[in-house]
> 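Have a look at this one.
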Amino acid sequence: MNRFLLASCAFLIGSAVACKPRTFNASSVQSGAADAFSQQFEVTRFATCKNSKGQESGGLDFVWRLNKSTGEAVNPYILGFAGSAETIDGKKVEFRSLSTIDEPRYRTPQVGAQGSFPIQSYFAASLQYPDDELKSGWGYLRINGKNSPIVDVFGGTFVIPKSPDAGSFANRYFIVTSDVGTLEFNCQPISEVTRDRMRTYLVKDGSHGFSGGRGPVVSNPGAATTPTPSATPKSASVDLRPQGRPTSYDIQFRHDRIYDCEENGAIDVIWRQAGSDGKAIPAKSQYILGFAASLKEPVKGEVKFSSLSVDGAPAFSAGSEPSPKSYMRPMFIFDETEVKSKQAYHSAIPGLAGRAVAVGGTLWVPYDGSGSSVSVAIALGGAVRGTAHQVVTDCSPKHDKISNWLLSCIGRESVSGSSQCQH
């Protein structure tokens, strides 16, 4: 997912794209009251759509930020997208996402036998749904009146043409979801006025130079009349990132799920995708620098942690192999500075001797990445060896590259030169 490529891009003249950091709409005060949304945002239509019979079936919208949650006015800019329209095969889709991220490398829509999809002629934005925006009703994605599953805040990818010169694809818009797949809409081509408005996409300081009208205001007929509840918690939607983390965390780091343990938790690897200065690292140079997990078993209870310090070939390990098969045992460390700054954490560990923060632990993963038992062992002393609090549970692998990632992608050095790391 991955759904968390945290850079944002704006349409420019000539369809060039400029990128900059992007975080969630964290500064807002999410309230279920109808006027709380309208005091901060404005929804305007940028395209009308038709159904399979050629009849108008709603349209697609921009979500503009006009004011901060404090009421202070800002230079208006496009923060997200919304719409209420019928797909070409008759599905009724209603959506609104205030936390969007551009997706330079997105999963392309399925277009059948109508030729290859012109990737360079499209812009794609990931529709993100943080839990507070779902609960408030500010964000939603419904298909035929039913809430679509939100996994790790990801709802789908909104794919729109950049130019009215996109040929036969100029009026074809898409939302690509994980469960339903490709939703295609027949809507009017992007106009030059719309392209000019898109120059404001996530540009908060007014440097986009836009001063024209924002377009016809709509009441967003797909808006929920009552707050939309979050999806039923599942391991696939468990967020293992540190709570209260700084906004720079989601710019610098990306979590990828490697194991799904159903009601017993999940395991992530953590990739460094940008430097501490926010500058993106090329995809081929990104590397794993940590792990996060939540594992639960009936006797030992639950252990949760996230660490940005890992040793793929440790000299010592905490705990022991869960079963008589070959295991990889990457070691993780808890840096107290990272814990204090809320970039790392662990849950309360029974028996932790005289320490507020554990020194570290070991993640036990089957060598061939094939599932079976996985384990987290947290050291109880001052070194990663000896007595440990260990939790073991059965999990299913979510990737076929787990072994490769843990053997070849841990640490900056692993992806340099003739690296075997396969992203």
> I'd like to know if the side chain of Gln273 reaches the main chain of Ile251, judged simply by a donor and an acceptor atom lying under 3.5 Å from each other, with no hydrogens or angles considered.
yes
> How far does CG of Asn67 sit from CZ of Phe41, to the nearest 0.5 angstrom?
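Answer for the CG-CZ pair, Asn67 versus Phe41, is 9.5 Å.
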> Working to the nearest 0.5 Å, report the span between CH2 of Trp271 and CD of Gln286.
7.5 Å
> Using the rule given for side-chain hydrogen bond (donor to acceptor under 3.5 Å, both in side chains), can you reason through Glu184 versus Thr87, listing the C-alpha separation, both sets of side-chain angles and the distance that settles it, and then say yes or no?
CA-CA 5 Å; Glu184 181 176 345; Thr87 65; over 6 Å; no
> Write down the atom of Val374, the atom of Pro366, and the distance for their closest heavy-atom approach.
CG1-CD, 3.7 Å
> Flag the pair Ile270 / Leu308 as yes when at least one side-chain heavy-atom distance between them is below 4.5 Å, and no otherwise.
yes
> Which donor-acceptor pairs under 3.5 Å do the side chains of residues 287-295 make with protein atoms, sequence neighbours left out?
residue: Tyr287; atom: OH; partner: Arg272; partner atom: NE; Å: 3.4
residue: Tyr287; atom: OH; partner: Arg412; partner atom: NH2; Å: 3.3
residue: Ser294; atom: OG; partner: Glu302; partner atom: OE2; Å: 2.8

> Please determine, by modelled atom types, if Gln40 and Arg65 share a side-chain donor-acceptor pair under 3.5 angstrom.
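Per modelled atom types, Gln40 and Arg65 side chains form a pair under 3.5 Å.
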> Are Phe158 and Phe81 an aromatic pair, judged by ring center distance below 6.0 Å?
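Between Phe158 and Phe81, which both carry aromatic rings, the centre distance is below 6.0 Å.
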> Give a yes or no on whether the backbone of Asn147 and the side-chain of Tyr140 come within a donor-acceptor separation of less than 3.5 Å.
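No, the answer is negative, given that no donor and acceptor are paired below the 3.5 Å cut-off.
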> Tell me, do Ser347 and Ile349 make a side-chain contact under 4.5 Å, heavy atoms counted?
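A side-chain contact exists here, since the closest heavy-atom pair is under 4.5 Å.
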> To check you understand the geometry: which heavy-atom pair defines the closest contact between Leu141 and Gly155, and what is its length?
CD2-O, 3.5 Å
> Is Leu127 close to Phe95 at the side-chain level, that is, under 4.5 Å between some pair of heavy atoms?
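They are in contact (side-chain heavy atoms under 4.5 Å apart), so the answer is yes.
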> What's the shortest heavy-atom distance between Tyr367 and Leu407, and which atoms?
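Where Tyr367 meets Leu407 most closely, the heavy atoms are OH-CD1, 3.9 Å.
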> I want to check something: taking the side chain as every heavy atom from C-beta on, are Thr393 and Ser373 in contact at a cut-off of under 4.5 Å?
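A side-chain contact under 4.5 Å is absent here.
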> Does Tyr259 offer a backbone N or O that forms a donor-acceptor pair with the side chain of Arg257 under 3.5 Å?
no
> Restricting to non-hydrogen atoms, name the atom on Pro314 and the atom on Met331 that form the minimum distance, rounded to 0.1 Å.
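Between these two residues, the closest heavy atoms are CB-CB, 3.6 Å.
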> Are any of the side-chain nitrogens in Lys92 or Glu86 under 4.0 Å away from the carboxylate oxygens of its partner?
no
> Considering all heavy atoms of both residues, which atom of Trp364 and which atom of Ala377 are nearest to each other, and what is their separation?
NE1-CB, 4.2 Å
> Drop me the distance from Gln343's CD to Ser307's OG, to the nearest 0.5 angstrom.
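Going from the CD atom of Gln343 to the OG atom of Ser307 covers 11.0 Å.
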> Rounded to the nearest 0.5 Å, how far does CZ of Phe185 lie from CZ of Phe174?
10.0 Å
> Hey, does His255 have a side-chain heavy atom less than 4.5 Å from the side chain of Arg241?
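Yes - at least one pair of side-chain heavy atoms lies under 4.5 Å apart.
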> Glu297 side chain to Val392 main-chain N or O, any donor-acceptor pair under 3.5 Å?
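Yes.
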> Who passes salt bridge (charged side-chain N to carboxylate O under 4.0 Å, His left out) against Lys91, sequence neighbours left out?
Asp89
> Quick check: closest heavy atoms across Ile160 and Tyr173, and the distance to 0.1 Å?
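Nearest heavy atoms, Ile160 then Tyr173: CG2-CD2, 3.5 Å.
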> Check for a donor-acceptor pair, side chain of Ser136 on one end and backbone N or O of Glu133 on the other, with a separation under 3.5 Å.
yes
> Using ring centroids (six-membered ring only for Trp), state whether Phe305 and Tyr345 fall under 6.0 Å.
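No: the rings miss the under 6.0 Å criterion.
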> Verify, without hydrogens or angle tests, whether Ser97 (side chain) and Gln128 (backbone) share a donor-acceptor contact under 3.5 angstrom.
yes
> For the NE2 atom of His389 and the CD1 atom of Ile378, what is their distance to the nearest 0.5 Å?
8.0 Å
> I'd like to know if Asp277 pairs up with Lys279 as an ion pair, taking the criterion as any Lys NZ or Arg NE/NH1/NH2 lying under 4.0 Å from an Asp or Glu carboxylate oxygen.
no
> Assign the ring pair Phe123 / Tyr201 to parallel, tilted or perpendicular, where the plane angle (0 to 90°) is split at 30° and 60°.
perpendicular
> Mind telling me whether Phe169 and Tyr122 have parallel, tilted or perpendicular rings, with 30° and 60° as the class edges?
perpendicular
> Keeping the roles fixed (side chain from Thr362, backbone from Ser317), state whether a donor-acceptor pair exists under 3.5 Å.
no
> How about Tyr129 and Trp138: do any of their side-chain heavy atoms sit closer than 4.5 Å?
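Contact flag for Tyr129/Trp138 side chains = no.
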> Strictly distance-based, threshold 3.5 Å: is any side-chain N or O of Arg329 a donor or acceptor partner for the main-chain N or O of Val365?
no
> Do Ser309 and Phe332 come within less than 4.5 Å of each other through their side chains, counting heavy atoms only?
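Sidechains of Phe332 and Ser309: no contact.
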> Show me the pairs that pass salt bridge (Lys or Arg N to Asp or Glu O under 4.0 Å) and involve residues 332-351, at least two apart or across chains.
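Listed once each, the pairs would be none.
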> Would you say Thr177 and Leu183 make side-chain contact, with heavy atoms under 4.5 Å?
yes
> Taking Thr100 for the side chain and Leu79 for the main chain, is one N or O donor matched with an acceptor at less than 3.5 Å?
yes
> Are any side-chain N or O atoms of Gln188 and backbone N or O atoms of Cys49, one a donor and one an acceptor, separated by less than 3.5 Å?
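Here the side-chain-to-backbone pair does not exist.
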> Take Val93 and Arg142 through the side chain to side chain contact (heavy atoms under 4.5 Å, CB included) test and state the conclusion after the steps.
CA-CA 6 Å; Val93 178; Arg142 295 194 295 273; over 6 Å; no
> Nearest 0.5 Å please: distance from the CD atom of Glu94 over to the OG atom of Ser148.
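The CD atom of Glu94 sits 12.0 Å away from the OG atom of Ser148.
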